[in-house]
Amino acid sequence: MEITREGPYRYRIERRGAMRVPGVVFASADLLPGAEADRSLRQVADVATLPGIVRASFAMPDVHWGYGFAIGGVAATDTAAGGVVSPGGVGFDISCGVRLLAAGLDRDAFAARAGTLMDRLGAAIPRGLGRGAVWHLPGRAELERVLAGGAAYAVERGHGVPRDLARCEDLGVMSGADPGLVGARAEERGLGQLGSLGSGNHFAEVQAVERVYDPATAEAFGLRPGRVCFMIHCGSRGLGHQICTDHVHAMQTAMPRYGIDVPDRQLACVPAESPEGRDYLASMAAAANYGRANRQLLTEAARRAFAAVHGCDLDLVYDVSHNLAKIETHPVDGEPRRLCVHRKGATLALPPGHPVLPPDLRAAGQPVLIPGTMGTASYVLTGVPGNPAFDSACHGAGRRQSRHQAARSVHGRDLRERLQAAGIAVRGASWRGLAEEAPAAYKDIDAVVDAAEGAGLCRKVARLVPLGVVKG
DNA sequence: ATGTCC
């Protein structure tokens, strides 16, 4: 692989063989993965071979190896020119994303009763592998309403306030969902998990605004130094996973009929405008709505805990997915084109003035939410004009060690001790899960965010530090 | 990420 430096935060993987476009990696020299040791850049090059891909196969500064596509990747295909959709470009956790809420509380008031609130949050937030939910759905009919209506349906049923929806991507509901396409196994898994964190890197965290870079934008987002926030990172649980699995299999069967050949079986794809492509997109939208309702239900659980202990409310700052494919219009070679934009471990980052932003965010831009790791900072940024990657940015710190490596080098109990000694309360689900998420297993979030800003993907607004984490 | 295999 031939990699050329194009700027301080931009590298190009030259077109070679079946690649239709180059690869573009946004990273500093320090963050750029080694082409030999790290398989993620090979994946970025493989994605560049997909039918209909335009501009480039992009990698964000937090890129790391994933199923087929790298995590931290963005790929857009021209739907009118046979451009494909691929479940691997979205990920197993469809509509995994981040929600940030701002509390009517400052960090000194939190500190006075930290243990009480953390115990309450720990008891109220279902987490870990398997069952447990804030809202137990009675059956298929109610599940279908969630799959069609997302967070908007949850609010309609009283799980939140209408103002929440103005601060959700797509107003809390992705259009085009077809709940009838969701199979029996996905249904079975989805009924008992609505309002649950899951495991892996999912978490809910009490944070405080430590630093503001842009006071005017921070004010528009409701962020000021010392304000307590609550961040939720989770997705569509077993339901989204099952839908991804079902469609990967269906596409692996269908692909030869479309004459599509890919360098890796995990890049299974079909034309976005084919019957199989449309079915995937409609099922994916249903899973996205489950993920959005999931974060809405966890918000309700958190609000009850904050109200009971501090008598305060939580105002939604924003809710955005970082695992999704969306049909969007972007200029390609000067012409507006209808593209299927895959963002896998890459967040939407809309600039100021974008027409889909609510009026009170129109001047400030979309809040771009980038969580760090346990014990490290998280960032709120805003979108910028001229984003080279279809209004996308990185989604987190990005792994640098596998789960296995991480669990081998640290014990969960020791990690919890260290975090608590540093003033960060921890309510976990399993010792093994805690060890796998050790900060040492991740890249430096400050460096990743600086690279994203330097590459022109987004602009820093505020830095948040953790006070207490409920870990999935 | 995930009842870590159909």
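Sequence lines set the chain letters: A, B, ... in the order given, protein chains first and strands last, and positions in each chain run from 1.
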query = ring pair (Phe, Tyr, Trp, His ring centres under 6.0 Å) with A:Y379: which residues, sequence neighbours excluded?
reply = none
inquiry  = Assess, by modelled atom type and distance only, whether the side chains of A:S236 and A:S95 contain a donor and an acceptor separated by less than 3.5 Å.
reply    = no
Ring pair (Phe, Tyr, Trp, His ring centres under 6.0 Å) against A:Y290, all qualifying residues, sequence neighbours excluded = none
message = What contact category does A:R399 fall into here, base, sugar-phosphate, or nothing, at under 4.0 angstrom with non-hydrogen atoms?
response = nothing
message = What contact category does A:G235 fall into here, base, sugar-phosphate, or nothing, at under 4.0 angstrom with non-hydrogen atoms?
response = nothing
task = Output the residues of residues 241-253 of chain A in contact with DNA chain B, where contact means a heavy atom of the residue under 4.0 Å from an atom of the strand; sort by number or write none.
result = A:H241, A:Q242
task = Specify the residues of residues 192-200 of chain A, ordered by number, for which at least one heavy atom lies under 4.0 angstrom from an atom of DNA chain B.
result = A:Q193, A:G198, A:S199, A:G200
query = In chain order, what residues pass the side-chain hydrogen bond (donor to acceptor under 3.5 Å, both in side chains) check against A:R99, with sequence neighbours excluded?
reply = A:Q296, A:T299, A:D319
Return a table of donor-acceptor pairs under 3.5 angstrom between the side chains of residues 276-288 of chain A and protein atoms on other chains or two or more places apart.
| residue | atom | partner | partner atom | Å |
| --- | --- | --- | --- | --- |
| A:E276 | OE1 | A:Y258 | OH | 2.5 |
| A:E276 | OE2 | A:R257 | NH2 | 3.0 |
| A:R278 | NH1 | A:E273 | O | 2.5 |
| A:S283 | OG | A:H247 | NE2 | 3.2 |
| A:S283 | OG | A:D279 | O | 2.8 |

note = Those residues at least two apart in sequence (or on a different chain) that pass ring pair (Phe, Tyr, Trp, His ring centres under 6.0 Å) with A:H64 are none
request  = Provide the full list of salt bridge (Lys or Arg N to Asp or Glu O under 4.0 Å) pairs with a residue in residues 450-464 of chain A, sequence neighbours left out, each pair given once.
outcome  = A:E210-A:R463, A:D214-A:R459, A:D446-A:R463, A:D450-A:K460
note = Sorted by chain and residue number, the ring pair (Phe, Tyr, Trp, His ring centres under 6.0 Å) partners of A:H322 (sequence neighbours excluded) come out as A:H233, A:H395
ask   = Rounded to whole angstroms, how far apart are CG on A:L129 and P on B:dT4?
value = 8 Å
